[in-house]
Visitor: 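Sending over a structure as structure tokens; questions will come in a sec.
Throughout, protein chains are lettered first and strands after them, A, B, ... in sequence-line order, and every chain is numbered starting at 1.
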There are 2 protein chains.
Amino acid sequence: MQLDPNEQSVREIYAWMVRLITPRPIAWVSTLSDDGVANLAPFSFFNGVGANPPTLLFCPANRRDGTPKDTLVNIQRTGQFVVNIVTDPDAEAMNTTSGEWDPSEDEFEIADLDKADSLCVKPPRVAVCKAAMECTLLEAIQLGTGPGGANVVIGRIVQIHVSDEMIGEDGQLDAQRMATIGRMGDADYVRTGDRFSMPRPRRSK
Amino acid sequence: MQLDPNEQSVREIYAWMVRLITPRPIAWVSTLSDDGVANLAPFSFFNGVGANPPTLLFCPANRRDGTPKDTLVNIQRTGQFVVNIVTDPDAEAMNTTSGEWDPSEDEFEIADLDKADSLCVKPPRVAVCKAAMECTLLEAIQLGTGPGGANVVIGRIVQIHVSDEMIGEDGQLDAQRMATIGRMGDADYVRTGDRFSMPRPRRSK
């Protein structure tokens, strides 16, 4: 079957995108408002950009009423955010923070999550998370307006935190211990236990 | 443990990023050179951007010698590309195309893959893929230069192809039949069979 995006509603095209682009990593983004109220929300249009400079990005869509989400507003005002990494034990708390809460409400409190100080930025980390990346805003690009309007937030990674227990005997991050979860379509998530390896081919024939 | 990215080499920081940001979806990107030579290569710094307008992005890093990859060169010259979706049966062929082949070589032929015509753009699709998104270039952003230098390619989705057999009885994409695979750190991949659901919370307290 073929689908012409111009003939689909924003809602329909979004549903196709989140079912086709899988599995997606989850950025659990913490920010602070001008007034110092903490905000915490998950985003699965998220990924690394590159290592030189160390950069990542995520894409907070506008709300259904066309206004930007609190996370984007906070980052544009303060220039700082933290990407907390979501693992299996934190799934339920993460999901709680995906609700549309009032800007005056602190999602850490709503989801009963402790805060941990960051080193280089003001927004707190989620204390229970196994890893987090502190970021400063490099660029925020507005690609669309109105409901579902697309935005791209590019951040420079200025500090990385990894829980010591997640490091294997080889000194590297152990994927089995980390047990990150990813996002699929609709209300579906995926665990990362069923892994396999494929070494890269020779560089040329 | 804490890591200051400024104290890490580009290679080390890249290794941390690909282990921390998981699972990542895979864009198997087909393009055409000026001369009409087809190129096909996988990228896992890839995701949707938003549905309004329908947009996605991927981030081709510069090669170790600091030059841009053929995929980026082709897109900048032609303004077109196709994102083919990678599923379990196509894993090995996808991996073959991740080698650094000469621009004069057609990775479809190297990996013994048939081409299928696209509807709105000139680069061919991977015939065997269960789904593909035809895209036109919206913006290519250069964030870094030299080895591992970061680039962001944002495309507008102009056509979507989905194999009829991947559609369930509800008329929607069936994740179990699709069996997409994702990227983990190092040479590791992940299957998407171990899924669970969490309905979104009420919109406010």
Visitor: Side chain, backbone, both or neither: which part of F58(B) has an atom under 4.5 Å from a heavy atom of chain A?
Guide: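 Neither part.
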Visitor: How long is the span from the CZ atom in R195(B) to the CG atom in D186(A), to the nearest 0.5 Å?
Guide: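 That separation rounds to 10.5 Å.
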Visitor: Below 4.5 Å from any heavy atom of chain B, which atoms of M1(A) appear? Answer side chain, backbone, both or neither.
Guide: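 The answer is both parts of M1(A).
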Visitor: Tell me, side chain or backbone of V152(A) under 4.5 Å from chain B's heavy atoms, or both, or neither?
Guide: side chain
Visitor: Could you tell me which of I13(B), V49(B), I181(B), D188(B) has the largest number of non-hydrogen atom pairs under 4.5 Å with chain A?
Guide: V49(B)
Visitor: When rounded to the nearest 0.5 angstrom, what is the spacing between CG in N47(B) and CZ in R24(A)?
Guide: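 One gets 6.5 Å once the value is rounded to the nearest 0.5 Å.
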Visitor: Side-chain polar contacts of residues 135-147 of chain B - donor-acceptor pairs under 3.5 angstrom, sequence neighbours left out - could you list them?
Guide:
none

Visitor: Is there side-chain contact between Q2(A) and I160(B), with heavy atoms separated by less than 4.5 Å?
Guide: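 Sidechains of I160(B) and Q2(A): no contact.
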Visitor: Could you tell me which portion of V86(B) (side chain, backbone, both or neither) has an atom closer than 4.5 angstrom to a non-hydrogen atom of chain A?
Guide: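 Interface part for V86(B): neither.
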Visitor: Rounded to the nearest 0.5 Å, how far apart are CD1 of I157(B) and CG of L3(A)?
Guide: 11.0 Å
Visitor: Do L56(B) and F45(A) come close enough that some side-chain heavy atom pair is under 4.5 Å?
Guide: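 When only atoms from C-beta onward are counted, F45(A) and L56(B) do not touch, as no gap falls below 4.5 Å.
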Visitor: In Å and rounded to the nearest 0.5 Å, what is the OG to CE distance from S98(B) to M198(A)?
Guide: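 With rounding to 0.5 Å, OG (S98(B)) is 8.0 Å from CE (M198(A)).
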Visitor: I need the residue from I154(B), I85(B), V18(B), T22(B) with the largest number of non-hydrogen atom pairs under 4.5 Å to chain A.
Guide: T22(B)
Visitor: Within this structure, what is the CG-NZ distance for the pair L20(B) and K130(A), rounded to the nearest 0.5 Å?
Guide: 13.0 Å
Visitor: Given side-chain contact (heavy atoms from CB on, under 4.5 Å), test N52(B) with Y14(A) step by step and report yes or no.
Guide: CA-CA 8 Å; N52(B) 183 19; Y14(A) 178 80; over 6 Å; no
Visitor: Would F196(A) and V190(B) count as a side-chain contact (heavy atoms from CB on, under 4.5 Å) here? Give the steps.
Guide: CA-CA 6 Å; F196(A) 62 101; V190(B) 65; over 6 Å; no
Visitor: Measuring heavy-atom distances to chain A, does A132(B) have an atom under 4.5 Å in its side chain, in its backbone, in both, or in neither?
Guide: neither
Visitor: Answer whether the closest heavy-atom distance between the side chains of P23(A) and T180(B) falls below 4.5 Å.
Guide: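 Yes, close enough: below the 4.5 Å cut-off.
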Visitor: Using non-hydrogen atoms and a 4.5 Å limit, figure out which bit of I167(B) sits close to chain A: side chain, backbone, both or neither.
Guide: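 Contact with chain A: side chain only.
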Visitor: For A61(B), is it the side chain, the backbone, both, or neither that has a heavy atom closer than 4.5 Å to a heavy atom of chain A?
Guide: neither
Visitor: Using non-hydrogen atoms only, which part of T96(B) is less than 4.5 Å away from chain A: side chain, backbone, both, or neither?
Guide: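 Looking at T96(B), just its backbone touches chain A.
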Visitor: What's the verdict on side-chain contact (heavy atoms from CB on, under 4.5 Å) for W16(A) and L173(B), showing C-alpha distance, side-chain angles and the deciding distance?
Guide: CA-CA 8 Å; W16(A) 278 103; L173(B) 195 77; 4.1 Å; yes
Visitor: Given heavy-atom pairs under 4.5 angstrom as the criterion, report whether the side chain, backbone, both or neither of N62(A) touches chain B.
Guide: neither
Visitor: Please classify the contact of M17(B) with chain A as side chain, backbone, both or neither, using a heavy-atom distance under 4.5 Å.
Guide: side chain
Visitor: With sequence neighbours left out, write down each residue that passes salt bridge (Lys or Arg N to Asp or Glu O under 4.0 Å) with K115(B), or none if nothing qualifies.
Guide: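 Here the qualifying residues are D106(B).
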Visitor: Between P54(A) and V10(B), is there a side-chain heavy-atom distance shorter than 4.5 Å?
Guide: no
Visitor: Which bit of R156(B) is near chain A, if near means a heavy-atom gap under 4.5 Å: side chain, backbone, both or neither?
Guide: side chain
Visitor: Starting at CZ of R19(A), measure out to CD of Q172(B) and round the result to the nearest 0.5 Å.
Guide: 4.0 Å
Visitor: With respect to chain B, which residue among V83(A), T192(A), D164(A) yields the maximal number of heavy-atom pairs within a distance under 4.5 Å?
Guide: T192(A)
Visitor: Check whether S44(B) gets within reach of chain A through its side chain, its backbone, both or neither, counting any heavy atom under 4.5 Å.
Guide: backbone
Visitor: Measure the shortest side-chain to side-chain distance between P53(B) and P5(A) over non-hydrogen atoms and say whether it is less than 4.5 angstrom.
Guide: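 They are not in contact (no side-chain heavy atoms under 4.5 Å apart), so the answer is no.
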Visitor: Is M133(B) in contact with chain A via its backbone, its side chain, both, or neither, using a 4.5 Å heavy-atom distance?
Guide: side chain
